[in-house]
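Working notes, structure below.
Numbering of ligands and ligand atoms starts at 1, following listing order. Residue numbers run from 1 in the order of the sequence given.
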Amino acid sequence: KRSLDEDEESLSKRKASDHSSEVADHYNRLQEVGLQVRSQSRIFYMRNFNNWVKSVLIGEILDQLRRSRTSPVRVLDLGCGKGGDLLKWRRGNISHLVCTDIAEVSVDQCRSRFEEMKKKSHNNDMFTAEFITADATKEPLWPRLADSTLTFDLCSCQFVVHYSFESRTKAEMMLKNACERLRPGGYFIGTTPDAYELMRRASLSQDLSFGNEVFKVRFKSRSPPSLFGAEYHFSLEGVVDVPEFMVYFPLMTRMLEKLGMRLILKSRFSEFFEEKVKDEQHRSLLQKMSALERLRKELYKCFYVTSVTFAFQGTLS
Ligand code: SAM
């Protein structure tokens with residue numbers, strides 16, 4: 001009885017806590033390091049690999065959109081960070097981008113990066129953009145837009161959605177923000193840690209943690225994870241050190257179905273890599289970023305193998 005009461009107590013404490021500001025503070029403190037520093041980092045290969053996964057995913061969805069649409073493509077980058085995907089949007093020839101993130105410093109850096117890109121380009125291949133600092137788990141984003149009736153062809157949410165699974169209310173709001181303004185047949189794509197793999201690896205360890213010299217994942221309790229608020233702590237060399245929440249994928253799929261979205265792709269990073277690397281164009285992009293064999297070795301040691309890519313599409317009518 002006592003331990004049940006204690007469990008109840010810790011659960012309600014957990015429910016009352018809100019990690020949004022901790023997450024925002026963390027990302028705000030992160031320094032933008034130059035390419036030279038980054039290339040010396042032990043996680044250089046992983047960052048390149050993540051970028052490659054995102055490039056392939058974004059590129060393929062934009063191709064599909066171009067095949068089915070004649071109108072210019074508008075994109076919502078939900079949890080844009082410092083604008084690591086700006087170049088991908090430029091290459092993808094989109095017309096308008098809304099970048100939004102909870103961390104104000106990141107949004108400022110994203111805006112500066114965009115302005116720099118615009119200066120260097122001849123303006124004819126540059127999209128227009130707007131930048132919003134907001135907690136996407138707490139409020140609808142639309143009143144903050146220059147045109148509050150704007151709709152999108154694509155919402156991209158890269159390594160972000162798991163932060164919202166702290167509670168049902170938060171996850172519902174984030175997913176609503178992702179999909180509510182999609183035009184018919186629009187896409188919601190992203191990447192997020194794979195809850196199955198996290199649990200598998202943690203359960204195999206004595207102290208509920210796993211990792212290597214680069215990253216560490218730590219669970220606090222052996223009790224069965226709840227659907228929301230299933231917290232673990234993730235640290236990655238010099239880049240991330242924050243509480244995150246497991247995303248039970250069938251649950252997210254159901255929540256998105258309620259919003260009129262249907263699952264069209266779910267692939268572990270390792271599967272995605274093995275499949276896409278067969279394509280000449282994708283392989284040469286990866287080779288430009290990293291030596292393939294070195295990457296293959298690093299890949300299977302690393303945390304990000306435990307992530308998944310996903311894509312959902314809205315109904316066409
Ligand atoms: N999408 C970027 C990328 O792929 O490089 C950044 C990914 S970073 C791992 C996670 C981002 O999610 C951070 O920039 C963080 O501030 C943002 N984030 C976390 N919780 C958020 C929330 N509730 N609303 C909006 N952004 C959030």
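For the pair K216 and F234, the cation-pi criterion (under 6.0 Å, within 45° of the ring axis) is not fulfilled.
Taking the centre of each ring, F131 and F114 come in below the 6.0 Å mark. Between H96 and F152, the ring centre distance reaches or exceeds 6.0 Å.
Listed by atom number, the atoms of ligand 1 under 4.0 Å from Q158 heavy atoms are 1 (N), 2 (C), 4 (O), 7 (C). Close contacts of ligand 1 with A134, meaning ligand atoms under 4.0 Å from a residue heavy atom, involve 24 (N), 25 (C). Atoms of ligand 1 found under 4.0 Å from any heavy atom of C80 (numbered from 1 in listed order, with element): 2 (C). Atoms of ligand 1 lying under 4.0 Å from at least one heavy atom of F159, given by number and element, are 4 (O), 9 (C), 10 (C). Counting the atoms of ligand 1 from 1 in the order shown, those under 4.0 Å from a heavy atom of A136 are 22 (C), 23 (N), 24 (N), 25 (C).
P193 has its side chain within reach of E244: a pair of non-hydrogen atoms, C-beta onward, lies under 4.5 Å apart.
Taking CZ from R113 and CG from L87, the interatomic distance works out to 8.5 Å, rounded to the nearest 0.5 Å.
Not a single heavy atom of S106 lies less than 4.0 angstrom from ligand 1. Contact analysis leaves C157 out of contact with ligand 1, as no non-hydrogen atom separation drops below 4.0 angstrom.
Backbone and side-chain nitrogen or oxygen atoms of D135 are examined, and one is located within less than 3.5 angstrom of a nitrogen or oxygen of ligand 1. In terms of N/O distances under 3.5 Å, ligand 1 is approached by K54. Not a single N or O atom of V23, backbone or side chain, sits closer than 3.5 Å to an N or O atom of ligand 1. Considering backbone and side-chain atoms alike, G84 places every N or O at 3.5 Å or more from each N or O of ligand 1. Backbone and side-chain nitrogen or oxygen atoms of D101 are examined, and one is located within less than 3.5 angstrom of a nitrogen or oxygen of ligand 1. Geometrically, ligand 1 and Y163 share no nitrogen or oxygen pair separated by less than 3.5 Å. Annotation: G79 places an N or O atom under 3.5 Å from an N or O atom of ligand 1; distance criterion only.
Residues forming a side-chain hydrogen bond (donor to acceptor under 3.5 Å, both in side chains) with R90 (at least two apart in sequence, or on another chain): none. Considering only residues two or more places apart in sequence or on other chains, F188 meets the ring pair (Phe, Tyr, Trp, His ring centres under 6.0 Å) condition with F310.
Remark: E172 does not engage K176 in a salt bridge, criterion side-chain N to carboxylate O under 4.0 Å.
Counting only N and O atoms by type, the side chains of S71 and R183 include a donor and acceptor under 3.5 Å apart.
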